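Everything on this sheet refers to the single structure shown next.
Labels below follow one simple rule: chain letters A, B, ... track the order of the sequence lines, proteins then strands, and each chain is numbered from 1. Please read all numbers here as calculations on a predicted model, not as lab measurements.
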Amino acid sequence: MKAAVVVFSGTNCQVETKAALEACGFEARYVDSNTKNLDEFDCIFLCGGFSYGDYLRSGRIAKFTPLVESLHNYVEKQRGVIAGICNGFQILCEAHLLKGALIENDCLKFVCKNTPLELDFNGVKKKINLPVAHREGKYFYRGDVSELVFLRYLENPNGSKDNIAGLYDYKKRIMGLMPHPERAFFNENFGFDGREIFKIIKDELKRG
Amino acid sequence: MSLSVDENLKKEIEKRLKRTPNELETHLFEALWSEHCGYLHSKKQLKKLNFKGSLFSDENSGGVKIGNRGVFFKVESHNHPCAVEPYQGAATGIGGIIRDILALNARPVALLNSLKFAYPNTKETRHIINGVTKGISNYGNSCGIADIAGEVIFDECYKDLPLVNVMAAGLAPLDKVKLSAFREDLEVVLLGSATGLDGVGGAAFASKKLAKNKNEEKIHVQIGDPFIKKLLIEATLEILDLDGVVSCQDCGAAGLLSSTSEMAYKGKCSFELELDKVHLAQKNIEPWQILLSETQERMVFALKKEALPEVFKIAQKYELEVSHIGRTFKGGDYIIKKGSKILSLTPLDVLCNPYCYDLEPVFEPCEIKCLKDKKCELSMDIESAVEKMTSSYNLVSRKWFYEQWDYLVGGRSYVTPESTGVGVLKFEEENCFVAFCMDTNPLMCALDPYLGSQNTLLESYRNLVSSGFEPLGFTNCLNFASPKGDDTKYSFVKSIEGLRDCSLKLNTPVVSGNVSFYNEAKDKKIYPSVTVGMCGFLDINKPVIKSNFTLQDEIYLVGKMINKNSNIGGSLYQKELFDFLGGSVDEPDFELEEKLKKVIFCLRDKKILKSAADVSKGGVLGTLFRLLCASNVGFAGKLINEENADDKLKLRLLFGEIQTRYIISTRNKKELESYFAENNIPYLYLGKCIGDKIKFDGYEFELAKLREKYLNLLQNALED
């Protein structure tokens with residue numbers, strides 16, 4: 001399985017994300033913001049960081065890159081799975097590939113800590129812990145998205161609506177989450193629960 | 001000459017130059033002969049430090065060797081800017097120290113900070129604390145460099161005079177390291193942000209006391225851009241990997257002037273700068289302003305002509321501005337040209353070799369001597385003392401701070417903050433862990449700068465040892481008041497001698513450092529604040545020792561034992577409970593220090609050791625309180641080891657601070673005690689982790705209540 005790890009100017013979690021993907025058996029490769037065709041990849045990873053400095057607001061400038069345009073094509077062709085972590089989630093929302101928006105945390109501060117979450121996948125609920133690290137991570141949407149949610153905070157760190165930490169699109173081919181699964185992957189001090197998220201992606205891919 | 005260079009220096013400049021400097025040159029000298037750039041008062045003293053074993057002593061940063069790589073680290077102060085503009089001050093402090101590491105072709109991988117503030121009781125102080133914390137957060141986080149550890153100290157001496165010392169660490173293969181000296185016949189290139197008026201005169205500003213009106217000083221503060229910094233990091237590392245690129249330095253204090261003149265001076269060649277070529281952010285900027293602008297996010301490179309196209313290509317790839325600003329050749333002059341006109345030609349050995357003051361001989365001023373002779377006769381009942389000490393801003397969790405800093409980005413961070421006394425990174429490239437920590441002990445340095453600075457270095461040493469790391473080297477930031485004062489002269493000289501002697505005894509070199517003078521305002525000075533940042537090594541196959549407890553752990557104190565005659569001068573409890581500072585400071589016992597290091601490593605390898613922490617601020621009870629609250633477990637035992645002690649003596653035994661002590665825990669009491677007996681190790685059994693109360697010698701405290709304060713005191717104080 002081939003995975004693309006997207007590196008915008010200002011992205012900074014690409015190394016860990018690529019390492020986690022490789023540990024899961026993916027053949028992972030970096031692609032930059034000018035990439036016009038993503039068809040060779042089975043999944044596309046948008047990872048954490050501050051693309052374009054998060055200027056204007058997070059994800060706003062990345063939205064206008066050729067890469068994001070090719071993401072839309074990729075979705076139309078129903079080619080594979082797209083996952084956005086943290087800044088990647090913000091970009092997917094900003095590009096309207098996922099519903100809702102991520103706005104400034106209620107505490108108005110950057111929050112970096114390990115957070116308990118409830119993972120809800122295919123009707124099986126499970127408690128996991130993942131680190132969060134963001135200042136614009138408060139999920140907001142005016143309508144009801146509850147059927148799309150797969151990850152909720154048990155101790156809401158940012159004021160997200162309905163404790164939403166991660167959700168799908170309707171076809172379950174695009175997913176976004178604020179916590180960093182790649183940071184809870186290699187080291188017992190931060191746990192290994194991140195592997196659960198990568199497993200879901202693999203399962204989704206197998207489903208075809 | 002006008003401006004702020006003092007009369008004697010003016011004469012010295014004219015004498016050496018053999019003429020009167022023109023207006024432009026007056027600006028150049030004002031900057032380069034300032035304390036901040038020229039280290040006028042500290043240069044001679046700094047030579048005393050022990051650099052043996054350090055990679056470089058005269059580069060942007062020094063470091064230590066691990067395998068085939070260098071670990072480079074350095075601390076820098078940004079005190080003055082943070083006093084007037086906390087957010088930008090802290091952000092650009094981070095920016096500056098990152099560039100120092102980067103200039104060596106080392107990828108910056110960790111940040112640490114040592115912050116000192118007044119108690120957060122006033123709006124002004126809270127503004128400073130919030131601004132500094134946010135500045136570090138916004139800048140460091142978006143550069144993608146993990147902020148892994150540090151310290152925060154509160155004392156009223158830092159009112160309006162905050163100290164913001166930031167440290168960066170980076171990693172580079174030794175054969176890829178680039179130095180800063182120019183060579184003859186190279187092209188010089190400036191990469192990064194366009195030069196503007198921000199921070200003009202910053203070096204001179206940092207070299208004097210703060211003016212009363214902070215708004216007037218704001219113009220001297222630089223403005224950072226972490227996104228450009230991120231691009232600059234990637235572009236610089238790519239450029240420095242090119243064969244034709246010879247040397248590199250960042251533009252920090254006194255901007256382009258300071259970096260290019262130092263590079264030329266070190267390289268013993270002439271440099272000709274073409275002002276018209278420098279890419280500018282605005283029109284109507286004077287030549288001296290171009291030279292002295294402290295616009296952030298700029299690097300200078302010297303390279304062979306053939307490498308120019310490749311460098312421009314990399315700049316373009318990262319969408320960074322770049323200009324070819326001059327060249328080097330045989331000689332020894334600094335030449336500034338505008339068009340075909342030469343604006344200034346000065347010999348580098350005058351420009352870059354400022355007059356240095358001799359601080360010695362020094363004598364102990366009576367203020368310090370009198371303090372040492374004072375005795376703390378005050379007392380308080382233990383319940384009230386515990387209540388007060390556990391509400392001390394200096395002893396509670398730093399969660400409010402570190403949760404705003406991304407300590408995980410980069411994939412190297414190995415431990416959570418407060419689970420050990422240090423920040424730990426995994427260096428798989430060399431099969432090891434590397435740890436860093438920062439420490440300061442202003443109270444002890446105020447009483448006895450010689451012993452105080454030794455004890456500060458040893459606190460860092462014990463922080464590393466208690467986490468299982470072999471100390472390799474240290475950096476330092478010397479924050480003092482004006483070097484014109486006799487007390488400061490004395491403290492400064494003695495602090496350096498303390499660091500030198502301790503470093504020789506521990507066989508651990510200083511690798512880099514920074515001096516910040518003039519941390520004083522009208523009628524007010526900071527305590528001498530010697531900040532140490534240390535680096536340690538651990539084999540990847542060995543465990544990092546944690547400091548936290550779990551229920552059923554047996555707790556021991558190992559090392560020097562405190563008694564009624566111990567020297568406990570500079571103990572935090574005397575300051576916090578009685579606002580008292582006085583008495584003699586405890587002397588280090590280097591032999592025991594070395595022995596305990598072996599004991600801890602050996603107990604770890606025998607798997608008898610469960611946790612370890614050094615005993616520092618707050619003494620045994622202060623340290624135990626922190627560990628129990630962080631671990632969320634109760635304790636029952638005996639801490640007072642003297643019969644019929646009155647409250648005054650009890651306070652001394654519980655909270656008094658002496659050197660060379662660790663609190664360790666085990667599940668294997670028998671083996672531990674027989675090991676201690678066999679090896680003749682001084683120890684004391686303290687008690688066991690049990691229940692939900694902290695009980696000792698007939699006293700009892702609710703853990704939940706203490707823990708609530710421990711976790712939330714700072715948040716409540718700072719977010720109100």
Side-chain angles (χ1 to χ4, degrees), chain A residues 7-20 22-23 32-34 47-56 58 61-62 85-87 105-115 129-136 157-158 179-191 194, chain B residues 107 109 130 133-148 224-235 297 317-320 399-420 424-426 428 433 543-544 546 548 715 718-719:
Chain A
V7 183
F8 296 100
S9 281
T11 294
N12 57 30
C13 297
Q14 65 269 36
V15 177
E16 313 83 293
T17 307
K18 182 163 175 269
E22 282 165 354
D32 70 22
S33 61
N34 286 318
C47 45
F50 291 74
S51 57
Y52 306 98
D54 273 1
Y55 291 147
L56 299 180
S58 53
I61 300 177
I85 299 166
C86 200
N87 196 228
N105 298 345
D106 276 354
C107 60
L108 305 178
K109 287 189 316 227
F110 192 92
V111 177
C112 177
K113 63 177 177 190
N114 214 11
T115 319
N129 287 293
L130 294 176
V132 293
H134 56 250
R135 203 183 65 228
E136 291 173 19
N158 51 29
H180 285 269
E182 81 284 7
R183 294 184 180 187
F185 200 99
F186 295 106
N187 170 350
E188 59 179 334
N189 294 315
F190 304 111
Chain B
R107 177 175 283 280
V109 289
N130 276 296
T133 312
K134 203 164 189 176
I136 295 172
S137 166
N138 282 6
Y139 199 97
N141 297 353
S142 43
C143 287
I145 303 171
D147 198 312
I148 57 169
D225 184 337
F227 174 57
I228 301 293
K229 173 53 65 51
K230 170 81 180 151
L231 301 180
L232 190 67
I233 292 174
E234 301 305 330
E297 334 306 358
K317 173 176 155 194
Y318 288 97
E319 297 176 21
L320 288 169
K399 181 167 79 86
W400 185 86
F401 289 93
Y402 68 70
E403 283 189 352
Q404 296 189 52
W405 301 325
D406 194 338
Y407 49 83
L408 282 166
V409 65
R412 290 182 185 274
S413 301
Y414 190 70
V415 294
T416 54
E418 296 192 354
S419 65
T420 67
V424 179
L425 298 178
K426 203 171 180 179
E428 268 162 342
F433 294 111
V544 174
K546 304 283 177 58
N548 35 14
Q715 179 174 353
L718 286 161
E719 287 188 2

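Counting heavy-atom pairs closer than 4.5 Å to chain B, the top-ranked of the candidates A:Thr11, A:Asn12, A:Asn87 is A:Asn12. If you tally non-hydrogen atom pairs under 4.5 Å between each of B:Lys546, B:Lys426, B:Lys134 and chain A, the highest count goes to B:Lys546. Interface remark: of the candidates B:Cys143, B:Ser413, B:Pro417, B:Ser413 forms the most heavy-atom pairs closer than 4.5 Å to chain A. Most heavy-atom pairs under 4.5 Å with chain A: of the set B:Thr133, B:Asn141, B:Val415, this distinction falls to B:Asn141.
Proximity to chain A is limited to the side chain of B:Leu231, based on heavy atoms less than 4.5 angstrom apart. Heavy atoms closer than 4.5 Å to chain A are found in both the backbone and the side chain of B:Asp225. In this structure, chain B has no heavy atom under 4.5 Å from any part of A:Phe185. Only the side chain of B:Ser137 comes within less than 4.5 Å of a heavy atom of chain A; its backbone N, CA, C and O stay farther away. Contacts between B:Lys399 and chain A at a heavy-atom distance below 4.5 Å are absent for every atom of the residue. Interface residue A:Glu188: only side-chain heavy atoms are found under 4.5 Å from chain B.
Of the options A:Lys109, A:Arg135, A:Lys113, a side chain to side chain contact (heavy atoms under 4.5 Å, CB included) to B:Gln404 is made by A:Lys109 and by none of the others. Screening B:Asp406, B:Leu408, B:Thr416 for a side chain to side chain contact (heavy atoms under 4.5 Å, CB included) involving A:Pro131 leaves a single residue, B:Leu408.
Across B:Phe227 and A:Phe50, no two heavy atoms sit closer than the pair CD1-O, 4.4 Å. Scanning all heavy atoms of the two residues, the minimum distance from A:Glu16 to B:Val409 falls at OE2-C, 4.0 Å.
One distance of note links CZ of A:Phe110 with OG of B:Ser142; it measures 8.5 Å at 0.5 Å rounding. The NZ atom of B:Lys317 lies 10.0 Å from the OG atom of A:Ser9; values are rounded to the nearest 0.5 Å.
The number of heavy atoms from other shown groups lying within 6.0 Å of CD (A:Glu22) is above 12.
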